[in-house]
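Remember, predicted model here, so these are calculated numbers, not experimental data. For this chain, numbers begin at 1 and follow the sequence in order.
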Amino acid sequence: MAPHDLRRPFKRPLISDQERRRQQSLLRQAQNRLDAQRQARFLASTAFSLSSQTPEPEPEPVNEPEVYQKEELDVLEASKLKGAEARKWFAKQLMLPEWMIDIPENLANDWFVFARPSGKRCFVVSSNGTTISRLRNGSILHRFPSKLPNGARTKEVSSASNSYSILDCIFHEQDQTYYVIDMVCWRGYSLYDCTSEFRFFWVNSKLAETGACDSPSYYHKYKFGIVPVYGCDQSGLCSAYSAPVPYVKDGLLFYNKHAHYQAGNTPLALVWKDENCSQYVMDTDSQGQVPNQQQVVLELQEDGKLTTCDDPHVVFGCLDGSFIQQSDLHSGYLLRFAIGEGGLVLVDGKLEKADLKYLGKANRARASADSFSKVMFQYSVRHSPLRIDDLLGSVSSPVDQESKACDIEMDA
C-alpha cells in the first residue's frame, strides 16, 4: 500500500470508517439513553465486592422491579469472577479510547484535548468511609482513606448518607498522584448520560471543593490532580502538546464534547501519540524492544477466523482447520502474528487483506485481542504517521497556516 493511501486528506470527499462509526455512536447515544443511576450503583457496589474470595449471601427479596434484582445478581456473579474473566468484565466498565487513525470532522469545534498522564488507568470509588482503586484487569491497586465524598472514616462521613463517587483516573507513579481524567458519579449522582463538556466542568468545580487535591495527610493518603483540558482549536492543541505539566506525558487524549460516558471502546474518545509527547509510540516486545515487523494479537473464532476485540469484530484472516488441529489451538485463544511485507490493504476505510505470519500464542496475561484502531495506528506509525502538523492543519484556517501563528516547541 502506498503511504498516501493510508489516510485521506483533511477535505476528503468520502467519509472514513472511523468517522462513520463516530456518527453512529452519537446516534445510538441519542436514541438509547441508559439507566445511568443503576449503572453507577452497579459499578460502585461491584468495585468493593469483586475481591471477595467466598460467595456472598444471597440478598433478601425486596419489592423492587425485576430488572433491579437482576442487577444485584450480576454483582454477585461478578464478585466470583477470576483471572481472564474478571479482567474482561472490568475492562468493559472503563471508557476506552480508540486510536486516532483519521482526523475527525469539526475537530476544532466538537472536541476537547488534553495531555494524557503516564501511569495506570483505574477506577477510584469512594464509599462507606473508604476509597478503593481498581485497575482495568479488576485487581485492587490501593485501598486507602481520601477526602473524596464518603472516602474516609471521619466524623463528617459517619453522619453522611451512603453515597458514593466514581472517578476515572490514571495513577502516576512518579509523584504518587491520581490524575482525574473523567468523572462517572459524584455523591451518588450519575454522570453516565451527561456530555463530556458537563463532566469536565464538574471535575474542575467539585473536586477542589473536597480538598482531594491537597497534599497527603492521615485521612488523605494520596493526592488527586486535575488534568488541564483545552478546546481543540489551534491554541488549545498547542498547549496540550507542548505546555509543561507536573506529570510525564503519554500522548494526547481527544474527547468529543457531546459524548456520554460509554463503557468499552468508543470512537468518541481518541488517543494519539508521537515521539515528542510520549516515550512509547511503537509497541515493544517482551524484552522492551521494537520488533522489526509489527506484531498484532487476534482472537481465534470457532470458524477459524482471526478477529479484533471490536464490536462487531474486524476479521484479519482465517486459519486452516488442519493447522488449528496440529497446533492444538481452540476458539477463544489469543494468537500473536507479525504483519509481513504484503502489509494491510484498505478499501474505503475497511480492511480488505492482511499479510499475517503466525508467531504463537499470546501472553496468558492478555485479556483481549488488539482493537482495529490500535493495529491501524501502529501500522501508520511505521508507514505514514499522522503528525502534529496534520492535526494543526485540520484546526487552522488558511490564513493561520500561512502565518504559522502557533510555534510548536519540539523536545530533543
Side-chain angles (χ1 to χ4, degrees), residues 1 6-7 16-18 21 83-92 94 96-102 121 136-137 263-267 270-271 273 280-383:
M1 176 184 293
L6 195 58
R7 67 172 188 273
S16 74
D17 184 63
Q18 194 172 50
R21 286 185 289 106
E85 290 301 317
R87 291 193 294 270
K88 286 182 180 180
W89 185 89
F90 212 83
K92 292 178 181 178
L94 285 164
L96 304 175
E98 289 194 5
W99 292 78
M100 184 185 286
I101 55 179
D102 200 6
R121 181 83 180 276
R136 57 177 294 181
N137 67 4
N265 292 317
T266 174
L270 302 169
V271 61
K273 296 180 181 182
Y280 307 101
V281 179
M282 298 180 68
D283 283 346
T284 58
D285 57 22
S286 57
Q287 283 74 43
Q289 302 298 317
V290 176
N292 294 329
Q293 292 180 310
Q294 179 185 348
Q295 297 183 7
V296 300
V297 174
L298 302 170
E299 182 175 351
L300 178 64
Q301 304 297 328
E302 290 185 4
D303 55 4
K305 290 180 179 178
L306 301 165
T307 64
T308 63
C309 67
D310 302 278
D311 184 16
H313 299 311
V314 177
V315 178
F316 268 67
C318 188
L319 289 182
D320 182 78
S322 59
F323 178 83
I324 294 175
Q325 186 174 8
Q326 292 171 7
S327 304
D328 193 27
L329 303 178
H330 302 279
S331 62
Y333 275 23
L334 299 180
L335 307 178
R336 187 173 295 277
F337 296 85
I339 298 179
E341 295 181 358
L344 305 176
V345 179
L346 296 180
V347 176
D348 292 333
K350 295 185 177 181
L351 183 68
E352 187 79 8
K353 183 180 179 182
D355 181 14
L356 298 178
K357 309 295 182 183
Y358 179 66
L359 298 178
K361 299 175 185 177
N363 190 305
R364 294 181 63 181
R366 284 290 297 252
S368 63
D370 287 330
S371 66
F372 175 72
S373 65
K374 179 184 178 181
V375 175
M376 291 309 306
F377 184 88
Q378 289 293 316
Y379 189 77
S380 68
V381 166
R382 290 174 176 265
H383 296 83

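Residues meeting the ring pair (Phe, Tyr, Trp, His ring centres under 6.0 Å) test with Tyr280, sequence neighbours left out: none. Residues meeting the side chain to side chain contact (heavy atoms under 4.5 Å, CB included) test with Thr284, sequence neighbours left out: Val290. With sequence neighbours excluded, the residues that form a side chain to side chain contact (heavy atoms under 4.5 Å, CB included) with Glu352 are Val345, Val347. Residues satisfying the side-chain hydrogen bond (donor to acceptor under 3.5 Å, both in side chains) criterion with Asp303, sequence neighbours excluded, are absent altogether. The side-chain hydrogen bond (donor to acceptor under 3.5 Å, both in side chains) check on Ser371 picks up Ser373, with sequence neighbours excluded. Listed by chain and residue number, nothing satisfies the salt bridge (Lys or Arg N to Asp or Glu O under 4.0 Å) test with Lys350 (two or more places apart in sequence, or in another chain). The ring pair (Phe, Tyr, Trp, His ring centres under 6.0 Å) search around Phe337 returns Tyr358, not counting sequence neighbours. The side chain to side chain contact (heavy atoms under 4.5 Å, CB included) search around Gln325 returns none, not counting sequence neighbours. Listed by chain and number, the residues in a side chain to side chain contact (heavy atoms under 4.5 Å, CB included) with Leu359 are Gln295, Arg336, Ala338 (sequence neighbours excluded).
When all heavy atoms of Met100 and Leu270 are compared, the pair lying nearest together is CE-CD1, 4.0 Å. Taking both residues in full, the closest heavy atoms of Ile101 and Phe377 are given as CG2-N, 3.6 Å, listed atom of the first, atom of the second, then distance.
Listed by first and then second residue, the ring-ring contact (aromatic ring centres under 6.0 Å, His included) pairs involving residues 286-305 amount to none (not counting sequence neighbours). Sorted by first then second residue, the salt bridge (charged side-chain N to carboxylate O under 4.0 Å, His left out) pairs that include residues 370-383, not counting sequence neighbours, are Asp283-Lys374, Arg366-Asp370, Asp370-Lys374.
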Identify each donor-acceptor pair in which a side-chain atom of residues 307-314 lies under 3.5 Å from a protein atom, sequence neighbours left out, and give them as a table.
{"from": "Thr307", "atom 1": "OG1", "to": "Gln301", "atom 2": "NE2", "distance (Å)": "2.8"}
{"from": "Thr308", "atom 1": "OG1", "to": "Asp310", "atom 2": "N", "distance (Å)": "3.4"}
{"from": "Thr308", "atom 1": "OG1", "to": "Asp310", "atom 2": "OD2", "distance (Å)": "2.5"}
{"from": "Thr308", "atom 1": "OG1", "to": "Val314", "atom 2": "N", "distance (Å)": "3.1"}
{"from": "Asp310", "atom 1": "OD2", "to": "Phe372", "atom 2": "N", "distance (Å)": "2.7"}
{"from": "His313", "atom 1": "ND1", "to": "Thr308", "atom 2": "O", "distance (Å)": "2.9"}
{"from": "His313", "atom 1": "ND1", "to": "Asp310", "atom 2": "O", "distance (Å)": "2.9"}

